[in-house]
Amino acid sequence: MDSEFQLEQKRVDSVIETITAQVIRLEEETSRSRNELVNIRKHFWDEVKVNVDTFDDYLETIIGLRQETQALSIIQSTDRHVTKKLSTLKRMQEVPYFGRIDFIEEGDSTHEQIYIGISTLRDASGEEFLVYDWRAPVSSVYYEYQNGSAKYATPAGEVRGILEKKWQYLIRGGVLQSMFDTSLTIGDEILQQVLGKGTDKHMHNIVATIQEEQNRIIRHDRGRMLIVHGAAGSGKTSAALQRIAFLLYKYRDSINADQIILFSPNSMFNSYVSNVLPELGEENMQQVTFQEYLDRRLSGEFQVENPYEQLEYVLTAANTPSYRSRVESIRFKASPLFFEAIEAYRKSLELSGMLFKDIIFRGKPIVTAGQIADRFYSNDTSLRFHNRLEKLKDWLTKKINETQKVELTKQWVQEKIELLSNEDYHKAQTYLAKKHGYKAESIADYEPEHEALARLIVQQKLKPLRKRVKTFSFIDIKGIYEQLFSDSLQINQWIKGEVPSEWTEICQATMEMLNEGKLSYEDATPFLLMKELIQGFQTNGSIKHILVDEAQDYSPFQFEFLKRLFPSAKMTVLGDFNQAIFAHASEKNNFDALMSLYGQPETEVINMTRSYRSTKPIIEFTRKLVPNGERIIPFDRDGEQPVLTQLLNHTELHRCITSKVATLRNLRYKSIAIICKSDEESKSAYESLSHIDDIKLVKNSSSEYEEGVVVIPSYLSKGIEFDAVIIYDASELVYGDESLRRVFYTSCTRAMHYLQLYSVGEPTRLLGNVLQESLIQS
């Protein structure tokens with residue numbers, strides 16, 4: 001074995017020599033291309049002869065500009081490609097590869113040794129593969145098979161053969177530290193070592209430790225939708241990010257990173273996962289939260305509540321009079337039933353109910369809202385709805401043009417002309433001169449006519465009105481949406497199902513919010529859908545793939561909206577219904593809605609039941625907190641049992657937490673989270689624990705994941721893992737309601753190595769099974 005180990009180290013050294021030689025060559029190439037780039041930019045206009053005296057001169061100028069621009073574009077593209085390759089090679093200098101398969105292809109008598117790493121590497125001649133990219137077709141054998149018959153798909157067809165051996169390597173800084181024949185070793189030593197390490201502020205790629213079920217997700221390539229339902233810590237997000245890298249590799253000629261969007265739970269999570277794709281030599285995809293999208297579309301019209309403000313209300317306002325109706329409102333407005341109601345309501349607007357705004361100029365209406373409505377409902381009613389609106393827009397544009405003619409001779413226009421400053425006059429002179437074909441050097445000789453100045457002034461004044469008409473801003477969308485709630489009985493004509501018993505209170509509360517210029521989170525997507533259905537959907541056909549993480553937090557309504565928003569995109573959704581902490585979440589409704597989004601043939605579900613994040617004792621504890629938790633299979637990694645400490649008061653609590661943080665720091669834990677139920681509780685805890693050195697409070701507005709000791713609300717901890725977790729107060733007083741089971745479970749599953757629960761007074765009833773089976777120290 002020693003001689004084999006030495007031979008493998010020699011190969012590592014040889015491969016690193018090849019990588020180093022390529023790095024040196026590419027660095028020289030990069031330096032040359034950068035100098036060339038700087039030179040072209042510096043002398044760009046020296047190379048282009050600008051002459052527009054005649055058409056031929058103009059054509060020659062355009063051709064010259066195009067040639068220089070193309071040359072610049074080619075060098076920039078080459079530079080980006082070389083820089084990307086250089087970045088990957090420098091990573092490979094540290095870890096050139098992590099695995100090997102010995103594969104005998106059907107029809108051959110000898111095996112081929114195939115080494116697998118983060119990118120392809122050839123020898124100096126370019127003929128021999130030293131390392132295969134983990135995404136290459138043959139590499140799938142490494143992830144999918146044990147010794148014996150194996151196969152992999154290629155564009156030319158299926159390749160069959162025998163997998164003789166499969167090796168895993170642990171290489172750090174170019175030094176081979178260990179190697180395992182996976183057919184002889186028990187368990188997964190490499191995975192054990194990786195999982196046993198501490199966290200840092202970024203998630204990292206998992207290509208060296210991809211498990212078979214994760215590999216199915218990464219290489220899945222059928223239908224329109226892949227639903228990944230996995231336990232906390234099962235590696236859903238990691239697998240999804242490697243999936244993006246795989247798609248960018250497999251479809252590199254037809255898809256780029258800008259055509260993929262990740263909808264993530266919060267902006268802090270965006271920071272947390274930002275390292276994964278660059279580690280694999282790929283550009284990051286677009287990342288956005290659904291709230292950011294809503295804000296971009298609605299913030300000019302309303303103050304929009306965010307999902308965490310809504311959740312904070314649900315977690316803290318249970319004793320307020322309007323609580324029950326608000327929760328019912330959240331659930332109903334998230335449902336497919338309400339989506340259908342909105343569509344039916346929009347359809348009814350073809351016959352009546354459209355509301356418009358006056359088109360006002362200088363304090364007087366050009367056309368009143370009533371006149372616009374009369375026009376809409378009296379003309380061309382046989383046309384489709386959007387064609388009728390287009391014709392209405394043309395009619396309003398004509399009315400504005402008529403107004404322009406009338407206004408030209410008005411006294412206010414004459415006064416504007418007389419009061420023009422020198423600067424404004426010069427701007428008008430320049431604009432009109434160019435419009436009449438004057439060259440730059442003769443603009444000063446041009447004397448604008450009075451009528452031309454008058455027309456320009458009136459046009460500028462009418463410009464905002466033209467824009468309003470062009471963008472359909474003359475339609476009163478807010479009034480139309482408000483109309484849906486103005487009479488609580490009328491909903492029955494648009495809905496095919498049961499309305500909540502609190503519907504009258506829901507209508508009243510919705511109207512009050514709208515009148516204050518506010519939009520509840522549960523109303524934001526329905527309002528936007530209403531707007532899109534009336535004005536025309538602003539679809540995005542360029543996006544080829546969207547990933548939705550923490551899918552259990554999205555409502556069926558929101559998924560229907562996303563489907564229409566990205567009509568050309570395939571969808572990967574990742575979720576765990578045991579972590580469905582929002583009021584609208586229902587495992588059956590949400591799952592059924594997802595399954596029906598594109599239909600059975602176009603949809604596939606992959607269940608991930610093995611959890612890797614936490615130690616075995618922590619997983620055995622957390623799986624007892626949720627129904628069907630026995631389906632969650634812990635990875636066999638030893639650790640301490642979770643600890644429950646019951647205290648008399650908060651003074652004692654803060655003293656114990658301070659002491660525990662010091663102990664955990666001494667144990668070299670880098671990330672320690674003190675997880676509270678709500679933002680309200682987090683702020684109070686942070687104030688009381690602010691004496692702890694370098695402690696940080698994570699808020700909804702936090703944009704970057706912080707290492708060290710953090711105080712964080714339960715819902716912001718989702719999707720993130722910590723070396724050690726302290727549950728601030730797991731008492732019956734705080735977590736006494738059954739509806740909080742998933743919130744509690746989510747918080748506890750954030751712990752990788754150590755979990756401490758404190759309880760001021762009686763511990764929560766949610767710990768009943770755990771205490772009964774002695775799965776926690778107390």
Would you check if the side chain of Gln552 reaches a backbone N or O of Asp576 as a donor-acceptor pair within less than 3.5 Å?
yes
Mind checking the CD1-CG spacing from Ile480 to Leu533? Nearest 0.5 Å is all I need.
11.5 Å
In terms of side-chain geometry, is the basic nitrogen of Glu343 or Arg346 positioned less than 4.0 Å from the acidic oxygen of its partner?
no
Between Gln291 and Tyr308, is any side-chain donor less than 3.5 angstrom from a side-chain acceptor?
no
Are side-chain heavy atoms of Leu771 and Leu644 found at a separation under 4.5 Å?
yes
Less than 4.0 Å between a side-chain N and a carboxylate O, is that true for Glu604 and Arg222?
yes
Close side-chain approach of Glu482 to Leu355, heavy-atom, < 4.5 Å
no
Taking atom types as modelled, find out whether Glu505 and Ser322 have a side-chain donor-acceptor pair closer than 3.5 angstrom.
no
Mind running side chain to side chain donor-acceptor pair (under 3.5 Å) on Gln310 and Glu522 for me, showing each step along the way?
CA-CA 8 Å; Gln310 183 200 76; Glu522 62 268 26; 2.9 Å; yes
Salt bridge or not between Lys563 and Glu560? Use side-chain N to carboxylate O under 4.0 Å.
no
Whether the side chain of His386 engages the backbone of Ile534 through a donor-acceptor N/O pair (distance < 3.5 Å, no angle test) should be reported.
yes
Taking NZ, NE, NH1 and NH2 as the nitrogens, is one of them in Glu312 or Lys683 under 4.0 Å from a carboxylate oxygen of the other?
no
Is the distance from the ring center of Phe537 to that of Phe561 below 6.0 Å?
yes
Would you check if Ile674 and Ile727 make a side-chain contact, meaning some heavy-atom pair closer than 4.5 Å?
no
State yes or no: are the ring centers of Phe263 and Tyr293 separated by less than 6.0 Å?
no
Mark yes or no for whether Arg623, through its side chain, and Ile632, through its backbone, hold a donor-acceptor pair below 3.5 Å.
yes
Verify the distance criterion only: is there a donor paired with an acceptor across the side chains of Lys333 and Ser520 at less than 3.5 Å?
no
Using the salt bridge (charged side-chain N to carboxylate O under 4.0 Å, His left out) rule, take Arg765 and Glu732 through it: C-alpha gap first, then chi angles, then the decisive distance, then the call.
CA-CA 6 Å; Arg765 69 188 71 179; Glu732 177 68 10; 2.3 Å; yes
Ring centroid separation Phe338 to Trp494 under 6.0 Å:
no
Are the charged groups of Lys478 and Glu301 less than 4.0 angstrom apart, N to O?
no
Backbone N or O of Ala231 within a donor-acceptor pair of the Arg631 side chain at under 3.5 Å?
no
Below 30° counts as parallel, above 60° as perpendicular, anything between as tilted: where do the rings of Phe577 and His229 land?
tilted
Cationic N near anionic O, under 4.0 Å, Lys624 to Glu773:
yes
Can you spot which of Tyr745, Tyr728, Phe744 makes a ring pair (Phe, Tyr, Trp, His ring centres under 6.0 Å) with Tyr735?
Phe744
Working for side-chain contact (heavy atoms from CB on, under 4.5 Å), residues Met571 and Leu597:
CA-CA 10 Å; Met571 195 182 291; Leu597 202 61; 4.2 Å; yes
Just say parallel, tilted or perpendicular for the rings of Phe474 and Phe472, cut-offs at 30° and 60°.
tilted
Run the side-chain contact (heavy atoms from CB on, under 4.5 Å) test on Asn700 and Asp679 for me, step by step, so that the C-alpha distance in whole Å, both residues' side-chain angles and the decisive distance to 0.1 Å come before the verdict.
CA-CA 8 Å; Asn700 178 32; Asp679 181 63; over 6 Å; no
